[in-house]
Structures are given as structure tokens and as C-alpha cells.
Number of protein chains: 2
Amino acid sequence: MTKNFNFIDKLRKAGLRPTKQRVKICEILFNREKTFHFTINDLAKKISEELNEKISLATVYNTVHAFEKKGYLKEIAINGDKSYFDTNITAHHHFYDEDTHELIDCDQNDIDSINIKNNITGKKINSVEILIKVASDNQNQN
Amino acid sequence: MTKNFNFIDKLRKAGLRPTKQRVKICEILFNREKTFHFTINDLAKKISEELNEKISLATVYNTVHAFEKKGYLKEIAINGDKSYFDTNITAHHHFYDEDTHELIDCDQNDIDSINIKNNITGKKINSVEILIKVASDNQNQN
DNA sequence: CAATAGTTTAGAATAATTATAATATATAGT
DNA sequence: ACTATATATTATAATTATTCTAAACTATTG
Ligand SMILES: [Mn+2]
Ligand SMILES: [Mn+2]
Ligand SMILES: [Zn+2]
Ligand SMILES: [Zn+2]
């Protein structure tokens with residue numbers, strides 16, 4: 001309850017109208033201890049599980065993209081299939097479990113900072129991210 | 001001409017039948033000095049430009065995936081929209097130009113090797129890749 | 001409260017990719 | 001070389017992720 005006022009405030013500060021749907025999605029995304037990595041489908045499923053009311057899929061897309069634009073969420077590319085989003089908006093690296101298709105945050109202390117000795121001329125670096133793909137050790141050796 | 005025999009051989013060695021379409025795609029992909037980064041659409045366009053005959057889009061998809069499975073191509077994830085492929089199959093990092101949507105190989109000497117101090121328990125690391133997103137320096141400062 | 005601008009929604013539209021099933025081709029065995 | 005078999009190609013349909021549309025709804029401002 002108190003939390004909801006926080007979300008309404010948060011949305012207002014970002015210039016987003018605190019609609020019922022946006023506040024609900026905030027609750028699902030940000031009322032948690034740990035980072036949440038999800039696809040739009042994951043989120044839509046969670047909404048229909050945890051909520052009595054439905055939110056239109058278009059609204060889920062719109063809201064997630066609105067949050068991304070305002071810096072509440074980050075988009076992570078894993079494959080060409082679908083987009084992952086991340087409630088951890090700091091610069092950080094990921095493990096991607098190819099068995100479970102899960103994204104896991106990499107502890108920043110576990111990787112030394114990356115030094116790029118030569119950038120493309122006339123361009124500015126916007127982000128530097130590592131993706132570590134892992135899989136079960138006992139695999140069928142083709 | 002001599003090149004084609006190489007491609008036929010290359011395909012045979014990988015257990016792929018050297019069909020007309022596969023050899024043609026080999027020519028387009030591998031008869032070049034520099035790494036080629038492309039989307040299926042890029043490749044399909046090149047095929048229809050450089051060839052007199054058409055190759056069905058399904059065959060382009062099938063062939064690219066067959067080559068990927070055999071290790072002739074690598075898939076690179078940039079965003080959730082579409083897949084990029086890479087004729088440079090060695091482990092390497094990329095710049096992604098957000099203005100032109102171009103992928104550029106990063107010289108291995110320009111980045112020190114990455115040391116991951118803690119892996120996920122019970123999992124084996126399959127790949128470690130950096131994606132450096134760059135954009136024009138003189139941008140609209142929102 | 002009324003006006004307005006912004007939001008939600010169902011459903012249509014697009015775009016990337018994959019599946020289907022008929023036809024064609026490559027290859028191994030004769 | 002001819003035939004049988006497995007595999008590949010193709011046009012087209014189907015699927016999936018995402019975005020668009022336009023009408024109904026709602027938050028904010030005065
Ligand atoms: Mn997006
Ligand atoms: Mn693929
Ligand atoms: Zn993360
Ligand atoms: Zn490359």
C-alpha cells in the first residue's frame with residue numbers, strides 16, 4: 001500500500017501518468033529483492049497469475065517500453081528470437097544458461113573492468129557488455 | 001572456378017551435400033577478404049543482386065543454419081529483432097554501430113583477455129563475448 | 001465537473017522465422 | 001550409366017514476436 005504511493009511518485013517524476021496498469025506492473029517488477037530478468041511473455045504470464053484483472057498484451061509492451069525509455073528497465077539481447085528485460089539498470093554483465101534460457105547477473109567483482117584500446121573513429125561508446133553462455137557440463141558430445 | 005571445387009570439398013567434408021544453392025551461397029559468403037556480418041535479409045538481397053537465378057528464402061534460412069551447425073558461420077545477438085551471422089567463426093568481440101546497424105569485428109589485441117573469477121556451479125562456459133555499442137558523437141542530448 | 005491530452009484495448013497488420021508437403025536432386029549401389 | 005534412396009529445394013502456409021489502429025477510457029488541469 002505504502003509501496004504503491006512510491007510507484008505513483010516514481011511514475012510521476014518520470015513524466016508517466018500513474019495509470020492502474022502501470023502501477024500494477026511496477027508492483028510486479030520492482031517489489032522484489034533480486035534482479036528480475038524477463039521476456040514480455042514471462043511478464044504477461046506473471047500478470048495473469050498474480051492479478052485478478054487482465055492487462056492487454058499491447059499495454060504490457062507499451063508499458064515495458066515506456067519504462068525502458070525512462071531508464072527503469074534495460075533491454076538485453078541474447079538471441080534473435082525475443083527481447084529480455086532487466087530490472088538491474090546498472091552496467092553489468094550476464095551469464096546465459098543455454099539449458100534453462102535463464103539470464104543471471106554476473107557479480108561485477110568477478111570480472112575486471114574492460115579496457116578498449118581502440119574505438120571506432122568518430123563514435124562514442126554507449127555500452128560495453130559481456131555475455132557468458134553456459135550449459136550443463138555433461139552434454140552429448142556430438 | 002577452382003574456388004568452387006574448394007567449396008564442394010568443404011561441404012562434402014562437413015557431410016553436407018554440395019547442392020547448387022549451397023555452393024552459390026558459399027561463394028557469396030566465403031569468397032572475400034574481410035569478415036562478412038549479415039542478416040538473412042542482407043544475404044538474400046546479395047543473392048538476388050549477384051546471381052541470375054533466385055534461391056528460395058526458406059533455402060537461405062536452411063542453408064545458413066546448416067552452415068552454422070557445421071561451424072562455418074556464427075550467430076551474433078544484437079537485439080531481439082533479427083539475427084546477425086558472422087563468417088568469422090573465431091571467438092571475438094564486436095562493435096555495434098547503433099547509427100548504421102553495422103557489426104564490426106574488434107581486434108583481439110585491443111581488449112585484454114577476460115578472466116571470470118566465478119562461474120555458475122555445475123555449468124561449463126561455452127562462450128564469452130563482448131558487445132560494444134557505439135554511436136555518433138554529436139547526438140541530440142535528450 | 002468539463003475539456004483535453006494521454007492511455008488502454010481488442011484486434012488487425014507486419015516482420016522474422018519455421019513447418020509442410022510436393023517436387024527435384026545428389027549419391028550409393030548396381 | 002541407371003535406379004533406388006536419402007536428402008534438399010521450393011512455394012506456400014503457419015507461427016511467433018512485435019507494432020499499429022482507432023475507438024473507448026481515464027488522469028490531469030482549470
Ligand atoms: Mn525495444
Ligand atoms: Mn538460429
Ligand atoms: Zn541483469
Ligand atoms: Zn565478427
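Below, each value reflects all heavy atoms present in this structure, side chains not excepted, and no hydrogens, waters or symmetry copies. Chain identifiers are assigned alphabetically (A, B, ...) following the order of the sequence lines, protein sequences preceding nucleic acid strands; residue numbering begins at 1 within each chain.
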Got more than 12 heavy atoms from elsewhere within 6.0 Å of NZ, A:Lys117?
-> yes
Which parts of residues 15-22 of chain B get close to DNA chain D, meaning a heavy atom less than 4.0 angstrom away?
-> B:Arg17, B:Thr19, B:Gln21, B:Arg22
Within the structure, does a side-chain N or O atom of A:His65 lie under 4.0 Å from either OP1 or OP2 of D:dT19?
-> yes
Axis bend over the full length of the helix from C:dC1-D:dG30 to C:dT30-D:dA1, computed from five pairs that close each end, to 10 degrees = 30°
Taking the side chain of B:Asn41 as heavy atoms from C-beta outward, which of C:dA16, D:dA17, D:dT9 is closest to it?
-> C:dA16
Under the ring pair (Phe, Tyr, Trp, His ring centres under 6.0 Å) test, which residues partner B:His93, sequence neighbours left out?
-> none
To the nearest angstrom, how far is A:Asn79 atom CG from D:dA17 atom P?
-> 11 Å
Given atom CZ of A:Arg12 and atom C1' of C:dA5, what is their separation to the nearest angstrom?
-> 15 Å
Name the one of B:Asp86, B:Asn88, B:Thr87 that satisfies side-chain contact (heavy atoms from CB on, under 4.5 Å) with B:Leu73?
-> B:Thr87
Quick one: is D:dT10 close enough that its OP1 or OP2 comes under 4.0 Å of any side-chain N or O from B:Thr59?
-> yes
d(NZ, B:Lys24; C1', C:dT25) in whole Å | 17 Å
d(CG, A:Asn62; C1', C:dG6) in whole Å | 12 Å
Distance, rounded to the nearest Å, where B:Glu75 contributes CD and C:dA16 contributes C1' | 12 Å
Can you check the A:Lys70 NZ to C:dT7 C1' distance for me, whole Å?
-> 15 Å
Salt bridge flag under 4.0 Å for residues B:Asp99 and A:Lys123 | yes
Can you name the side-chain contact (heavy atoms from CB on, under 4.5 Å) partners of A:Asn41, sequence neighbours left out?
-> A:Thr39
Touch check for B:Asp81, heavy atoms < 4.0 angstrom, all strands: base, sugar-phosphate only, or nothing?
-> sugar-phosphate
How are the rings of A:His37 and A:His94 set to each other: parallel, tilted or perpendicular (split at 30° and 60°)?
-> perpendicular
Grab the CD-P distance between B:Glu53 and D:dA11 for me, whole Å please.
-> 12 Å
Residues A:Lys46, A:Asp42: salt bridge by 4.0 Å N-O rule | no
Please give, in whole Å, the distance from D:dT15 C1' to B:Tyr61 OH?
-> 13 Å
Not counting sequence neighbours, which residues clear ring pair (Phe, Tyr, Trp, His ring centres under 6.0 Å) with B:Tyr61? List them please.
-> none
Sorted by chain and number, sequence neighbours left out, side-chain contact (heavy atoms from CB on, under 4.5 Å) with B:Thr19 holds for B:Arg17, B:Gln21, B:Arg22
